[in-house]
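Every chain is numbered from 1, with letters handed out A, B, ... down the list of sequences.
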Protein chains: 2
Amino acid sequence: MPRVYQTRQQKAVQKLFSARPEDCLTAEEAYDQLTIAGMEVGKTTVYRAITRLLEQGLLRRYAAQDSSEAASYQYNPCVDSHLHIRCMDCGVLEHLHCDEVEHFSAHLAHHHGFTLDEGQTMLYGLCKACQGKQQEKK
Amino acid sequence: MPRVYQTRQQKAVQKLFSARPEDCLTAEEAYDQLTIAGMEVGKTTVYRAITRLLEQGLLRRYAAQDSSEAASYQYNPCVDSHLHIRCMDCGVLEHLHCDEVEHFSAHLAHHHGFTLDEGQTMLYGLCKACQGKQQEKK
DNA sequence: CTAAGTGCAAAATGTTTGCATACTT
DNA sequence: AAGTATGCAAACATTTTGCACTTAG
C-alpha cells in the first residue's frame, strides 16, 4: 500500500466525512458540499480520495438500493462498528447499537462459520413511521 | 399495475430465474444464458422483464458490493423468505435457514420498531474457508 | 528529486428511454 | 382493435482512466 500524501484536497474530503459520522454521502454530494464550502476539489479527486479512505478502512461504502443510484459513503471510526438499518420507503438510516446484534453475530460465527462484517452490512426494511404509511395505503 | 403479457421472451426470462432459485444472476449473465440456450432475447428486453418480475415480487435484487459491478437478481418464492449471507472474499452465497434470524427480526420489530425485509437484505462477511485464508496472509 | 496527487476530458460500465414495429389478449 | 412488449440505437448516470502538470515528502 503506497503512502498517502496529505494534500489540501485529501484532507478536505476526509474532514468532510469525519465531521459527520452519522451521515451517508454520495460522491456527488461530497463534491457539492466541498464546492459550497469553497474548497475547489475536482470530482475525480473526490472519487480518488474516497477510494483511498476506503483502502485505509476509514470509510464504509453502501451500495444503492435502487439501480442507477449512487453509492454512499460514511465515516467509519473503527472502534465503534455497528449494524445499520435503512428504511426502504423514506430512506432514513438508523444506527443499531444493541447487544442483540452481538448475540446474532456470535450465532452466525458458531453455527454457520460466518464472520459478519457489520461495517459492510446494511439491513433493509421499513421504519415505524413508514409501516403506518403502508397500512394506510391498503 | 398494468397487466403482464406472456410473451416468449418474458416467459424465457422468468423460467431462467425460477429454474435456479439458488442462483444470483446479473442481467448480463441472464442475457448470456438465454443467448447460449438459443433463446434470442434482446438485452433491453431482459432488463425490462427483470423489472416486471421485481414489480410482481417474483425476483429480489441485490446491489453489487464493489462499485461499477452489476446488480444481481434471484428468484423469490415468496413463501420461503430468508436471509442471505455473502462472503466478501470468494463471493459464495449462503442461505440462512435459521430460527435465530426470526428471533433477531422479532427483536428489531419490538425494540426498534423496524420491520426487517429479509428478501432485500444481504449480510456481508467472511465464510469459514476464507477466514482461514485471511489468517494465512498475516 | 521522486513518488503521489490533481484535474480535465474522454472512456467505460450498467441501465434506461425513444420510437417504430410486432405480438397478446 | 387496444394495450403491451420488443429491439435497436441513443441517452444516461456513475465511476474510472489517460495524460500532462503540480505538489508533498
*asked:* If you take any heavy atom closer than 4.0 Å to DNA chain C, which residues from residues 29-37 of chain A end up in contact?
replied: none
_According to side-chain contact (heavy atoms from CB on, under 4.5 Å), who are the partners of Glu100(B), at least two apart in sequence or on a separate chain?_
His103(A), Phe104(A), His107(A), Cys98(B), His103(B)
*Return the minimal non-hydrogen interatomic distance between Cys87(A) and Leu126(A), and the atom names on each side.*
SG-CA, 4.0 Å
*Shortest non-hydrogen contact from Val41(B) to Ala12(B)?*
CG2-CB, 4.5 Å
*So, is Gln10(B) close to the dA5(D) phosphate, meaning a side-chain N or O under 4.0 Å from OP1 or OP2?*
no
*Starting at CD of Glu28(A) and ending at P of dT15(D), how long is that distance when rounded to a whole Å?*
9 Å
_According to side-chain contact (heavy atoms from CB on, under 4.5 Å), who are the partners of Thr121(B), at least two apart in sequence or on a separate chain?_
Leu123(A), Tyr124(A), Leu83(B), Leu116(B), Leu123(B)
_Keeping Gln74(A) on the side-chain end and Pro21(A) on the backbone end, is there a donor-acceptor pair under 3.5 Å?_
yes
*To the nearest angstrom, how far is Glu40(B) atom CD from dA22(C) atom P?*
16 Å
*Quick one: on DNA chain C, does Thr26(B) or Gly42(A) contact a more 5' nucleotide (nearest heavy atom)?*
Gly42(A)
*How does protein reach along nucleotides 20-25 of chain D, written 5' to 3' as B (base within reach of a heavy atom under 4.0 Å), S (only sugar-phosphate), or - (no contact)?*
----BS
*Which of residues 45-54 of chain B sit near DNA chain C, with a heavy atom under 4.0 Å from it?*
Tyr47(B), Arg48(B)
*For Thr115(B), side-chain hydrogen bond (donor to acceptor under 3.5 Å, both in side chains) partners two or more places apart*: Gln131(A)
_Other residues, nucleotides and ligands only: do more than 12 of their heavy atoms fall within 6.0 Å of CD on Gln6(B)?_
yes
*Between dT15(D) (C1') and Leu25(A) (CG): distance, integer Å*: 17 Å
*Can you check the Gln9(A) CD to dC8(C) C1' distance for me, whole Å?*
14 Å
*Residues two or more places apart in sequence or in another chain: which of them pass side-chain hydrogen bond (donor to acceptor under 3.5 Å, both in side chains) with Gln10(A)?*
Arg52(A)
*Where at least one partner belongs to residues 15-41 of chain A, residue pairs that pass ring-ring contact (aromatic ring centres under 6.0 Å, His included), sequence neighbours excluded*: none
_With His84(B) via side-chain hydrogen bond (donor to acceptor under 3.5 Å, both in side chains) - residues at least two apart_ = Tyr62(B), His82(B), His95(B)
*side-chain hydrogen bond (donor to acceptor under 3.5 Å, both in side chains) partners of Glu28(A), counting only residues at least two apart*: Lys43(A)
_Gap between atom CE of Met39(A) and atom CG of Leu16(A) - 0.5 Å precision_ = 9.5 Å
*Bend angle of the helix from dC1(C)-dG25(D) to dT25(C)-dA1(D), from helix axes over five pairs at each end, nearest 10°*: 40°
*Could you grab the distance from atom CG of Leu54(B) to atom CZ of Arg61(B), nearest 0.5 Å is fine?*
8.0 Å
